[in-house]
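Read through the structure below, which is laid out as structure tokens, and then see the notes.
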Amino acid sequence: MIKVSHLTKQYGSITALRDVSFAVKKGEVVGFLGPNGAGKTTAMNIITGYLSSTSGSVSIDGYDILEEPTEAKKRIGYLPEVPPLYPDMTVNEYLDFIYALKGAWQKKAAHFKEICELTRIEAVRGRLIKNLSKGYRQRVGIAQALVGNPPVLILDEPTVGLDPRQIVETRTLVKQLGEDHTVIFSSHLLGEVQAVCGRVIVLNNGRLVADSQSDSLGQRLGGHEITLKAAGSESDVKALLNTLKCVRRFEKNGAEDGEKIQTFLVQLDGSENAREEIFYAFAARKLPIVEMRTAEYSLEDIFLSLVGQNPNESEKEAASK
Amino acid sequence: MKAVYQRELNAYFKSPTGYVFCAIYLFFSAMYFSSVLSAGQSSEFPQIYYGMLSFILLMLPLLTMRLFSEERKYKTDQVLLTAPVNLTPLVMGKFLSALTVYVGCLLFTLIYAAVFRFFVSPSWPLVIGNIFGATLFGAAFIAVGMFISSMTESQFVAAMGSFSIATVFVILDVIPLRTSNAFIVKLINDISFVGRYTPFKNGILDFSSIVFFLSITATFIFLTVRVLEKRRWS
């Protein structure tokens, strides 16, 4: 549905995007993840035709955004970072305007009713946009994107600045929209992307650093590390771990029950029977394993390891730009 | 185009801008009208339009300053530029909305003509010719103002920009009065908006003046489209 190939965008000497390529299939909900300034908004602006890329191409449903902009844009509903609202209009007038601007063909009254119910703005339809709260404005922004029922929705940080309840509501809405739309949704909150999207594209410094299913991203890093708790003295456990071939490295991560149970973080070499090997080795030495589990990684950890630096450094780098 | 046109036209009368513009226009044109009335000659009637020209130049920035600056400030240009519409109709919609407000004011002067009729019968071709000329005159400067508005986010800068250009033209018109150098007088009358209007005042439909105003209008509408297009690429 969306095909982005070798997208590069330069603003003067600053490169906002470098050679970013990905494709989104029909019906997918994709999360754009990255710290502020990673190029998410730039990428979205290029996909929707607001900006042009320095090189590379974007096609929506087979229509190139530069060659056949009208056909491509007909298929996109876009919620920019700042909802594009005219403060001097009422919600109804605004939706009317968008309807006429997009040349939508749906029956107006029924179409608006559906959109307003979905985004829960029915109560404010007669009010001036300048008098609406931030949460309502954001929802009017989403409603605007839905006018004309485009199959592709591009939502740029739709939950920023909302209160916790609105955030949950918006996530639910995006999930719901994902059932019959192709959605790209950007956020710098990792948990949010995990909650809403089936697939995550991670951008940092304008580069695509990861593109995978949001759960497999966790496995990719977490799969080879385990937390091991065994009853026995520290030296015995250490000695045993040192002899095991499948163990790449390990470190002590505490002790329980007055030094009787040792907790170790163990990095495995990835071989298939590693955990069995450990089990039998410990059993043979009469060091009973009381717990063994794969370490769980949050997207935060994964993200930082993908980006390959600690957050302070990346902030510094961003600031120096 | 229709959607943008209607929205812009509504926006003029939702904010004080439209009313202020009309009020100032009607105030000054009524002053000219009263002086025409006291002169009591039908040939004086075009003075209502001709005398207003400098005011119009200075007032039109009121209408044009917000056209694109406001869109950029509120980031609403994103919805316009990502809508499945070409840029030219968008720009035309905005241009026509400002022109409509201006022409609406011009048409008010027909009331003066109707009042005038109680005393002396006005020369209708002259009145209509002047309204036509004033429309072309305004259209050209609206296009210039819109072009300036498309280059900045700040309405104030847009207004000051078009205001300065207007001032230059107003000052330019003073020069021919102070010099007898035939070449300079001709040059200034050829490039000056007011100079180009003079044939209309005298009841002449001057082809070169019509072409002058229309080509300025077209050029600056085209340039506005290019500015919007260029921003996408920078």
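In what follows, chains carry the letters A, B, and so on, assigned in the order in which the sequence lines appear, proteins first and then strands, with residues in each chain numbered from 1.
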Under 4.5 Å from any heavy atom of chain A - which part of E71(B) |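 Contact with chain A involves the side chain of E71(B) alone.
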V227(B) side chain reached by R231(B) side chain, heavy atoms, under 4.5 Å =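 Sidechains of V227(B) and R231(B): in contact.
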So do L26(B) and Y112(B) actually touch side chain to side chain, heavy atoms under 4.5 Å?
->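 Of all side-chain heavy-atom pairs linking L26(B) with Y112(B), at least one is under 4.5 Å.
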Heavy-atom cut-off 4.5 Å, strictly under: side chain, backbone, both or neither for [X] against chain B?
X: N45(A); value: side chain
X: Y86(A); value: both
X: S53(A); value: backbone

Parallel, tilted or perpendicular, judged at 30° and 60°: which one describes the rings of [X] and [Y]?
X: Y32(B); Y: F55(B); value: perpendicular
X: F97(A); Y: Y94(A); value: tilted
X: F137(B); Y: F193(B); value: perpendicular

Mind jotting down which residue pairs meet the ring pair (Phe, Tyr, Trp, His ring centres under 6.0 Å) criterion with at least one end in residues 28-49 of chain A? Sequence neighbours excluded, please.
->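 Counting only pairs at least two positions apart or across chains, the ring pair (Phe, Tyr, Trp, His ring centres under 6.0 Å) contacts touching residues 28-49 of chain A are F22(A)-F32(A).
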Flag the pair K9(A) and D19(A) as a salt bridge only when some basic side-chain nitrogen lies within less than 4.0 angstrom of an acidic carboxylate oxygen.
->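 Salt bridge between K9(A) and D19(A), a charged N being under 4.0 Å from a carboxylate O: no.
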Best-contacting candidate, G148(A), A100(A), P87(A), against chain B by heavy atom pairs under 4.5 angstrom =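 Counting heavy-atom pairs under 4.5 Å, the top option is P87(A).
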Listed by residue number, which members of residues 113-134 of chain A have a heavy atom under 4.5 Å from any heavy atom of chain B?
->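 Counting heavy atoms that sit under 4.5 Å from chain B, no residue of residues 113-134 of chain A is involved.
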Which residues in residues 55-81 of chain A have any heavy atom lying under 4.5 Å from a heavy atom of chain B?
->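 Residues in range: L66(A), T70(A), K73(A), K74(A), Y78(A), P80(A).
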Pick from N10(B), N86(B), L80(B) with the largest number of heavy-atom pairs that fall under 4.5 Å of chain A |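 When all of N10(B), N86(B), L80(B) are compared, L80(B) has the most.
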Taking D77(B), V85(B), L90(B) one by one, which has the highest count of heavy-atom pairs under 4.5 Å against chain A?
->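 The residue among D77(B), V85(B), L90(B) with the greatest pair count is D77(B).
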Residues [X] and [Y]: side-chain donor-acceptor under 3.5 angstrom:
X: N130(B); Y: Y197(B); result: yes
X: Q155(B); Y: S69(B); result: no
X: Y5(B); Y: T100(B); result: yes

Determine, step by step, whether K73(B) and E153(B) satisfy the salt bridge (Lys or Arg N to Asp or Glu O under 4.0 Å) criterion, reporting the C-alpha distance in whole Å, the side-chain angles of both residues, the deciding distance to 0.1 Å, and the verdict.
-> CA-CA 6 Å; K73(B) 193 177 136 217; E153(B) 286 189 33; over 6 Å; no
With a cut-off of 6.0 Å (strictly less than), are more than 12 heavy atoms of other residues, nucleotides or ligands near NZ of K108(A)?
->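 More than 12 heavy atoms, drawn from other residues, nucleotides or ligands, come within 6.0 Å of this atom.
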With E93(A) via side-chain contact (heavy atoms from CB on, under 4.5 Å) - residues at least two apart |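 If we apply the side-chain contact (heavy atoms from CB on, under 4.5 Å) test to E93(A), skipping adjacent residues, the hits are M89(A), T90(A), K14(B).
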